[in-house]
Each structure stands twice: as C-alpha cells, then as structure tokens.
Amino acid sequence: MAKRLLLLGGGGHCRSVADSLLADGRYDEIGIVDYDTEANVADLPVVGNDEDLPSLFADGWEEAFVAVGSVGNVSLRRKLFEKIKAVGFSIPHIIDPTAAIARDAVIGEGVYIGKRAVVNAKAEVESFAIINSGAIVEHDVFIDAFTHVSPGATICGEAKIGWNTHIGAAAVVKQGVSIGSNVIIGAGSVVLKDIPDFVKAYGNPCKVVESCQ
Ligand code: JB3
C-alpha cells in the first residue's frame with residue numbers, strides 16, 4: 001500500500017521538512033494541508049485545510065506531521081498536533097538524511113531534525129521538538145517537548161532544556177547548564193549559568209532581561 005503523509009502548514013519551515021523527506025524518499029505521496037491554496041512547497045499539492053483532516057484520514061492518509069515552525073507561535077504547533085492526534089493520524093519523526101544521530105539517542109514523535117544537525121550519544125529529544133539545520137545537541141543532553149533549537153545553536157554535553165523553549169540561532173549553551181521551560185534565548189547568546197522558567201534572556205554572557213509569564 002502507498003505510504004502517504006500530510007504536512008500541516010505550507011510555509012518556510014515546511015519547505016525544509018519537505019526537502020528532508022524528498023531526499024529520503026520514504027513516502028510515495030506527500031500532501032500539504034493549509035488554508036492558503038497557493039502554498040508553494042516543492043510543487044507538492046495542497047490537498048485541503050484543517051477542516052478536511054477527518055475526511056483525508058478516512059481516505060487513507062494515515063500519517064500527518066505539523067510543519068509550521070515555532071518562531072513566536074508555539075501555541076499553533078501545539079494546537080495542530082492535538083488536532084492530528086485527535087483524528088487518529090500516526091505521527092512520525094522526520095530526520096534529514098544528512099543529520100548525524102547517535103545509535104543510543106532517543107527521538108520522540110513529531111520531532112524534526114534538519115540538515116547536518118548532530119544529536120550525540122544518549123541525548124534525548126522529546127516529542128514535537130525541532131532541532132534545526134546545523135544545530136548540535138551533544139551527549140546526554142535533554143531537550144523537552146516543543147522546544148526549538150534554531151540553526152547553528154550548540155548545546156554542550158549534559159545540558160538540560162525545558163519545555164516549549166526557544167534557543168536562538170547560533171546560541172551556545174555550556175555543558176551541564178539547565179535552561180527552564182517557556183524561555184526565549186536570543187540569537188548568538190552564550191549561556192554559562194542556569195536560566196529559570198518563563199524568561200527572555202540574551203547576550204554574552206547570557207542574562208535574563210525580562211519575565212514572559
Ligand atoms: O528560521 C528558520 C530556519 N525557519 C523559520 C521557521 C522555524 O519558522 C522560518 O524562517 C519561518 O520564519 C517560520 O516558518 P513557518 O512556521 O513555516 O512560517 P511561515 O513561513 O509563515 O508559514 C506558515 C504556514 O502555515 C503558512 O503557509 C500558513 O498559511 C500556514 N498556517 C497558518 N495557520 C496554517 C495555519 N496551516 C494550517 N494547516 N493550519 C493553521 O491553523
């Protein structure tokens with residue numbers, strides 16, 4: 001039977017996800033689900049919008065994946081993952097074929113790992129996280145659900161990153177440091193000390209600049 005996957009949200013992040021899938025070739029058919037019928041993702045067809053998900057499932061689309069990114073809008077990703085779960089779709093994780101994943105790393109459902117990203121030994125990446133292009137998640141790191149590690153960020157060994165946190169592009173997190181949940185770390189920051197929940201922090205060395213409760 002043909003293997004078919006729906007990608008929800010046909011924008012910039014989806015173009016990265018689709019390219020990883022097309023390079024890997026494991027699906028016979030990929031459809032985009034978006035309200036924008038002109039969404040332009042690698043010439044893939046827009047097969048419907050969120051209201052059509054139950055009928056698409058009934059028509060034999062068994063797998064779905066949320067392909068909107070999380071810059072400033074994690075709640076949409078969460079809402080869409082809840083929707084596809086409720087309909088009954090299987091949710092894969094998608095790993096670009098150029099990514100390097102250790103044999104004993106643990107990767108949850110709905111995770112995307114982009115081009116040339118590294119997830120090293122015994123690291124854990126929980127459900128629905130994004131490890132974007134060229135990011136490095138070192139050995140024994142824990143990345144909690146819905147967290148986004150942006151392109152080129154480096155998370156050194158044994159660091160822990162909480163739930164729903166955004167690590168900006170090219171940020172560096174020192175080994176063993178813990179960053180809380182619902183945190184935004186600015187691009188290029190160098191995080192040398194622990195960061196609590198619900199804050200925005202940036203700089204080198206990275207400092208808390210405001211609360212975002
Ligand atoms: O920085 C990098 C490497 N990537 C960014 C990524 C993480 O986040 C990228 O540069 C973008 O800034 C951003 O990408 P994303 O999330 O794909 O955003 P955008 O390019 O604006 O595309 C969002 C798409 O989702 C659009 O096609 C919208 O029409 C669609 N959309 C919005 N709301 C929705 C919904 N689609 C569905 N199915 N349901 C919705 O509720």
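Because only heavy atoms are used, hydrogens play no part in the values below, and waters and symmetry mates are left out as well, while side chains stay in. Order of appearance sets the numbers: ligands from 1, and atoms from 1 within every ligand.
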> Should we count NZ of Lys83 as having more than 12 external heavy atoms under 6.0 Å?
Replying inline: yes
> So is Gly10 close enough to ligand 1, meaning a heavy atom under 4.0 angstrom away?
Replying inline: yes
>> Check this for me: does any side-chain nitrogen of one of Asp96 and Lys115 sit under 4.0 Å from a carboxylate oxygen of the other?
In response: yes
> How does Pro151 reach ligand 1, if at all, at less than 4.0 Å between non-hydrogen atoms: by side chain, backbone, both, or neither?
Replying inline: side chain
> Is any N or O atom of Asp50, backbone or side chain, closer than 3.5 Å to an N or O atom of ligand 1?
Replying inline: yes
>> Would you compute the distance between atom CZ of Phe57 and atom CG of Leu6 and round it to the nearest 0.5 angstrom?
In response: 10.5 Å
> Short N/O distance, under 3.5 Å, between His13 and ligand 1?
Replying inline: yes
> Among the clusters formed by ILVMFWY side chains lying less than 4.5 Å apart, do Val33 and Ile84 turn up in the same one?
Replying inline: yes
>> Measuring from non-hydrogen atoms of His148 to any atom of ligand 1, is the shortest distance under 4.0 Å?
In response: yes
>> Check the orientation of Tyr112 and Phe65. Use parallel for under 30°, tilted for 30 to 60°, and perpendicular for over 60°.
In response: perpendicular
>> Assigning hydrophobic clusters by single linkage (Ile, Leu, Val, Met, Phe, Trp, Tyr; side-chain heavy-atom cutoff under 4.5 Å), is Ile167 placed with Val177?
In response: yes
> Should Leu80 be counted as touching ligand 1, given the test is an N or O pair under 3.5 Å?
Replying inline: no
> Which one of Leu7, Val17, Asp34 has a non-hydrogen atom at the shortest distance from atom 27 (O) of ligand 1?
Replying inline: Asp34
> Where the closest heavy atom to atom 20 (O) of ligand 1 is concerned, which of Gly12, Gly48, Ala187, Gly134 has it?
Replying inline: Gly12
>> Taking CD in Glu38 as the centre, count heavy atoms belonging to other residues, nucleotides or ligands within less than 6.0 Å. Is the count above 12?
In response: no
>> Below 3.5 Å, N or O to N or O, backbone or side chain included: is there any such pair between Leu76 and ligand 1?
In response: no
>> I'd like to check whether Leu8 has a polar contact with ligand 1, where a contact means an N/O of the residue lying under 3.5 Å from an N/O of the ligand.
In response: no
>> By the definition salt bridge (charged side-chain N to carboxylate O under 4.0 Å, His left out), identify the one residue from Glu62, Glu29, Glu63 that meets it with Lys3.
In response: Glu63
> What atoms in ligand 1 come closer than 4.0 Å to a heavy atom of Gly11?
Replying inline: 17 (O), 20 (O), 22 (O), 24 (C), 27 (O)
>> So if I count the atoms of ligand 1 from 1 in the order they appear, which ones are less than 4.0 Å from some heavy atom of Gly69?
In response: 7 (C), 8 (O), 15 (P), 16 (O), 17 (O)
